[in-house]
*Asks:* 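Pasting in a structure now, in structure tokens, and then I'll have a few things to ask.
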Amino acid sequence: MFALADCNNFFASCERVFRPELNGKPVIVLSNNDGCAVARSNEAKALGIKMGDPFFKIKGLVERNGVAVFSGNFPLYGDMSRRVQAVLREAAPSVEVYSIDEAFLDLRGMDVDFDRFAKDLSARCRKLTAIPVSVGVAPTKTLAKIASKLCKQYPKLQGGCYMHREEDIEKVLRKFPVADVWGIGRRSVKKLETMGVKTAWDYRNLHPSAVRALFALPGWRTWQELRGIPCIEFEDIVEGKQSICVSRSFAHEITTLPELREQVANFAESAVSKLRQQHSLCLEMAVFAYTNRFKTDAPQTFGSALMSFPDGTADHRAFVTAAMQATAETFREGYAYKKAGVVITKLVAAADQTPSLFADTAAEARDERLSTALDNLNAAYGRGIVRFGVQGDGKVLSAREHQSPHYTTRWDDLPKVKV
Amino acid sequence: MQKFEPYPLEEQAPFEGALMGDIKAGFPSPAEDVREKLDLTELLVRHRASTFFFRVDGVSMVDAGMDEGDILIVDRAVDPYNGCKAVCFIDGEYTVKQVEIGPQGVRLLPANGTNAKYKPIVVRPEDEFLVWGVVTYIIKKV
């Protein structure tokens, strides 16, 4: 058996942890720069607020209904996510963290009442962390995901659902839209529509050779998983990412090169720090910047420049230098840039990279010591404590008007309690 | 599910390690193999997942050792018990009081004998009330 533990409306639930008065009230969380709604409490969903709704469009609705609005507070969400994961890890020997608010548990070999297990685990997460969590248990990961969605639909399941009897699975799949099945992409949905496949049950009843012909391996796996045959690997060891992207839209538009350089330098630093954490090198980096697509009366541009590192690098200085060169190539006078970013690709494990024949190994070792010292200082005294001049004050220009305090990650932000 | 395993502490050692490596000692330290150290977190935080910190604002609990500005360590894994000091949520506000749980129901008792301003709060059935977490330690600056 596998379980999927999914935090309900996670960001909105995090905002409620220290604001219990918001229980039962509509809450939304906005994306970076307060752009659009990325999390909604059930009450906000009931008002008709959709995922991705631009904030300016729903402002009236928000004000009329007293919706509590928050800018993303990612340090808080990250901390709450680690707490939930810790509770999950004590319940099962191996846990695959799938995203900030979802984790799979491998229950193979466990001999327990799985329905009780699911409900108890949900209750325990709630008690210890104050986060509501839905736990679905089923013979495959794909079915477990469906079972966890049922918990959200039916409160009487008390946060836990064990779905294993053939007749129960059929009943559920007959009502479950195929587009909501894990692993079914948007393009597949279009194909399926033309074939009259609407529910997960319809998909499961397709002829196996048709599935293999039309949807290749991922679709084939999903088909088997819906039939209760586990074939999606359990990955409790997360491999390093294959690419890293750090990008933001700005609070106000940027029209000068020095301003853009400062922002991009911060993105590059953030990207290289992530790269170093996973002990990888990258062979290629791209910088991009574009104007506000919604301002149709202003001149539009989308620029990007690619830099390559034939021997691979994860050196702070090499990175920022290359990013600055790419920024200069990208920037064009006379445009108001709204968003920019750094993407690094072609990542290889640092240990696997053979050194170039012509490399100056002494200089490389020295550079590596410098980069490591920078990592250590920033880890010990806070990110950005030592930075490049071009990074300015090290802050990214972004609007976060409605951000809640960093309750659990900053001493100055601890929740105050009237005594 | 009884055993609680704290989530891994982000190893805060890299800096220390870097400095240690540079020390050129004349003879190997006999203490090297028996590194032992005291970690305050280990003492004060029993359950990492369920422990939260709050800052004291007010003086109703001075007799219980809670002064303005102190940091309270609050553990949601601890079940509320009669006489516990806890962060409670009542009528839209947080408060810390001693929780008296008896046959007559729940009362929240202040601990400031000299100030008549603070009276016990009787929790009525219709009140929106919850015990958010039990206070396990107080950190104060002397």
Side-chain angles (χ1 to χ4, degrees), chain A residues 16-25 76 78-93 95 97 110 112 116-117 120-121 123-131 277 369 372-381 405 407-419, chain B residues 1-8 10-19 47-62 64 66-72 74-79 85 87-97 110-112 118 128-130 132-133 135:
Chain A
R16 280 174 168 166
V17 169
F18 297 100
R19 300 277 306 272
E21 76 275 17
L22 295 176
N23 286 330
K25 307 236 164 68
L76 172 67
D79 182 69
M80 294 310 299
S81 171
R82 281 191 294 276
R83 290 168 184 268
V84 172
Q85 285 165 28
V87 179
L88 301 178
R89 278 183 213 285
E90 104 201 47
V95 172
V97 175
M110 276 174 73
V112 293
R116 200 61 268 152
F117 174 88
D120 285 350
L121 184 55
R124 193 163 167 79
C125 288
R126 184 68 182 250
K127 175 174 162 58
L128 297 188
T129 68
I131 298 289
Q277 267 168 26
R369 281 205 303 279
T372 307
L374 202 74
D375 293 341
N376 289 342
L377 284 165
N378 285 334
Y381 298 106
Y407 297 114
T408 60
T409 52
R410 272 191 206 161
W411 290 114
D412 289 341
D413 280 9
L414 293 187
K416 280 211 174 106
V417 58
K418 272 255 181 271
V419 168
Chain B
M1 299 233 334
Q2 304 86 337
K3 211 187 114 232
F4 190 90
E5 198 190 4
Y7 65 85
E10 264 123 309
E11 288 287 340
Q12 277 289 357
F15 211 63
E16 191 190 344
L19 291 177
H47 309 120
R48 267 176 189 278
S50 57
T51 300
F52 297 87
F53 303 149
F54 285 76
R55 181 85 63 181
V56 172
D57 177 18
V59 294
S60 79
M61 293 294 281
V62 289
M66 296 179 194
D67 293 299
E68 188 104 49
D70 287 354
I71 293 174
L72 304 179
V74 173
D75 189 353
R76 290 176 60 94
V78 176
D79 289 317
K85 281 127 197 142
V87 173
C88 300
F89 187 75
I90 183 159
D91 287 339
E93 255 191 78
Y94 279 124
T95 182
V96 173
K97 293 287 179 289
N112 185 337
Y118 302 108
E128 197 199 323
F129 170 71
L130 61 92
W132 197 92
V135 178

*Asks:* Please look at B/D79 and chain A and tell me whether the side chain, the backbone, both or neither of the residue comes under 4.5 angstrom of a heavy atom of that chain.
*Replies:* both
*Asks:* Are any side-chain N or O atoms of B/R55 and backbone N or O atoms of A/D412, one a donor and one an acceptor, separated by less than 3.5 Å?
*Replies:* no
*Asks:* Please flag which part of B/V96 lies under 4.5 Å from any non-hydrogen atom of chain A: side chain, backbone, both or neither.
*Replies:* both
*Asks:* Counting C-beta onward and ignoring hydrogens, is there a side-chain heavy-atom pair between A/V17 and B/W132 closer than 4.5 Å?
*Replies:* yes
*Asks:* Can you tell which part of A/T129 gets under 4.5 Å to a heavy atom of chain B, answering side chain, backbone, both or neither?
*Replies:* both
*Asks:* Below 4.5 Å from any heavy atom of chain B, which atoms of A/A92 appear? Answer side chain, backbone, both or neither.
*Replies:* neither
*Asks:* State, with a plain yes or no, whether a side-chain heavy atom of B/Y94 is found less than 4.5 Å away from one of A/F18.
*Replies:* yes
*Asks:* Measure the CG-CZ distance between A/L128 and B/F52 for me, rounded to the nearest 0.5 Å.
*Replies:* 9.0 Å
*Asks:* Could you report the tightest heavy-atom contact between B/K97 and A/V419, atom names first, then the distance?
*Replies:* NZ-C, 3.9 Å
*Asks:* Could you measure the distance from the CG atom of B/D57 to the NZ atom of A/K418? Nearest 0.5 Å is fine.
*Replies:* 4.0 Å
*Asks:* Rounded to the nearest 0.5 Å, what separates atom CZ in A/R126 from atom CZ in B/R76?
*Replies:* 8.5 Å
*Asks:* For the pair B/R48 (side chain) and A/R83 (backbone), establish whether a donor and an acceptor sit closer than 3.5 Å, ignoring hydrogens and angles.
*Replies:* no
*Asks:* Using heavy-atom distances under 4.5 Å, tell me whether B/V62 contacts chain A through its side chain, its backbone, both, or neither.
*Replies:* neither
*Asks:* Heavy atoms only: give me the nearest B/V87-A/V417 pair and the separation to one decimal.
*Replies:* CG1-CG2, 4.3 Å
*Asks:* If you count heavy-atom pairs under 4.5 Å between each of B/A111, B/G133, B/G92, B/G58 and chain A, which one has the most?
*Replies:* B/G58
*Asks:* For B/F89, is it the side chain, the backbone, both, or neither that has a heavy atom closer than 4.5 Å to a heavy atom of chain A?
*Replies:* side chain
